[in-house]
Amino acid sequence: MTLPSGRRVALSADGERPDEPPAGEPRALFEDALDAFESGRVTLATTDGDPLDVAVLALADFHALRAVLTHAGVLHEEPVDITCGNCGAELSASPCRDLEIAPFVDGELDDPDLDRTEPFDTPLEVDPILVGRVRQARTITLAPRTVGDAKRLFSWAISPWDPLDAGVVDALGLRAVGDVTEPERLAKVLTDASDAAKRGFAEAWHAAHYPPRLAAYAPCEACGARATVDAPYDRELTAWLDAAPPEAPARAFVSAEAFADRAMEMADALVARLPEPARAVAVVIEDGTPDVDEGGAPLMGGYLPPSDASHGTVSVYYRTFRAMWNEDGPYDWEDELRETIEHELDHHAAFLRGHDEVDDDERAAIREEEARAVGLRESARRARREAQGSARDFLRSTWPLWALVLAATLYTCATNR
Ligand SMILES: [Zn+2]
Ligand SMILES: [Zn+2]
């Protein structure tokens, strides 16, 4: 298989698949994964068959291996409880189980977004971190780290509220916070940082070591929305992320009533501009759980063409507008609202004309997005299986690792020919 750095390796595993988490208190983060390699239960080799020590791997490569080994059932995965951002239902996710691993097997790790990590040795922007009594830094600079380099980090991260020392700073690869570069001072700056600053640091640090491809969709059974969950979920600084949830904006979003009033005003004006036969369209302001698109994303607006029983209907979803405000901060909601109603009325006009190209494009864009996560070759294989009437999604079920290795070998042979 191919790892995020581009390194190609052969993996094999023997023995049992653990149903239970490892017994006893862990002495270090990722102990189960490191034990699997050290005990020889999992072996790692170059594509020429020479043994490869996991300690020399870049962290991103190690984390991708953790994800794949967990996906294959070699490492235990504890389900993650999350709340659906669309309807509030509780759901349980197993992100490694649901991770799309074909792009690793097929060596398709060149997506400009999904495979991009933040660069090393370049200042990365972060939320302000206090570096003096009042002085704040807004950048951090990180160096690449191998598994061997990060061992001190793994043991410290078991109790992430303990003070850091220069050893942990080195294991993090932290070179600078603003203009502070001295390791002892960096340790103190991070130890004393506010929860919000720790959260910002953790986000930037993870973004340098985990490509966004290491995530899976968790579908909500209640409303059909999909959450994106990190795979593996446990990361070096996860505790720092969870401790300080981002704050909602101080100014609350407009009430459902005021929103609906404004929306109806706009809708009346926009519908009046349509040619006479197209004006028979209903506009509904929905303040319940928003419907989602085919990709599981909550909708701002939707359009249902006319049927024998009813007019065409434009729906506008108050809660999606409110969620955008609470998650990403204040924005010009009236502008977005007008654009949404116009957009849905365009669908209506196109439907009446006989063909809705925009709808075709939107569906194609969702399929394209799916294909990026699944991988091109795997998408083609799935389409083929579906065509053969055997749409058994066998990569998603727990796939024995030997099959994975075999597949990797076969595709390598195929490429070399
Ligand atoms: Zn939901
Ligand atoms: Zn549309």
Side-chain angles (χ1 to χ4, degrees), residues 79-95 97-98 215-231 233 245-246 248 253 256 259 263 266-267 270-271 273-274 278-307 310-328 331-371:
V80 185
D81 296 326
I82 55 171
T83 305
C84 173
N86 194 43
C87 77
E90 300 296 323
L91 45 125
S92 172
S94 296
R97 180 197 66 194
D98 293 340
Y217 291 127
C220 172
E221 277 175 27
C223 76
R226 292 195 310 197
T228 304
V229 187
D230 290 348
Y233 184 75
F253 190 56
F259 180 88
M266 287 179 187
L270 290 167
V271 169
R273 280 200 228 152
L274 297 176
R279 285 184 210 160
V281 57
V283 177
V284 177
I285 315 304
E286 178 65 64
D287 71 355
T289 299
D291 289 330
V292 300
D293 70 15
E294 286 175 3
L299 291 169
M300 299 170 78
Y303 171 66
L304 200 66
S307 65
S310 67
H311 289 316
T313 308
V314 165
S315 301
V316 175
Y317 299 96
Y318 168 72
R319 289 199 197 175
T320 306
F321 285 80
R322 189 182 60 186
M324 284 164 56
W325 180 281
N326 290 338
E327 283 160 27
D328 305 330
Y331 64 97
D332 188 343
W333 62 269
E334 292 186 288
D335 212 46
E336 289 287 346
L337 176 58
R338 184 175 303 104
E339 238 174 70
T340 300
I341 299 172
E342 272 173 350
H343 176 87
E344 301 307 336
L345 288 174
D346 285 347
H347 280 303
H348 175 60
F351 178 83
L352 295 182
R353 275 200 309 274
H355 186 74
D356 188 349
E357 300 88 2
V358 178
D359 188 58
D360 295 346
D361 291 350
E362 284 171 356
R363 285 172 203 271
I366 291 169
R367 281 195 301 273
E368 218 167 274
E369 182 79 32
E370 299 266 343

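Counting starts at 1 for both ligands and their atoms, following the listed order.
The aromatic rings of Phe253 and Phe259 sit tilted relative to each other, their planes meeting at an angle between 30° and 60°. Taking the six-membered ring where the residue is Trp, His347 and Tyr303 present parallel rings, their angle staying beneath 30° rather than reaching 60°.
Under 2.8 Å from the Zn ion (ligand 2) lies an N/O/S atom of Glu362, whether from backbone or side chain.
In His343, the N, O or S atom that comes nearest to the Zn ion (ligand 2) is NE2.
Using modelled atom types and a 3.5 Å distance limit, the side chains of Asp291 and Tyr317 yield a donor-acceptor pair.
Here Cys87 contributes SG and Cys84 contributes SG, and at the Zn ion (ligand 1) these two atoms make an angle of 110°, given to 10°. With the Zn ion (ligand 1) at the apex, Cys223 SG and Cys220 SG define an angle of roughly 110° (rounded to 10 degrees).
For Glu370 and Arg226, the salt-bridge test passes: some basic side-chain N is under 4.0 Å from an acidic carboxylate O.
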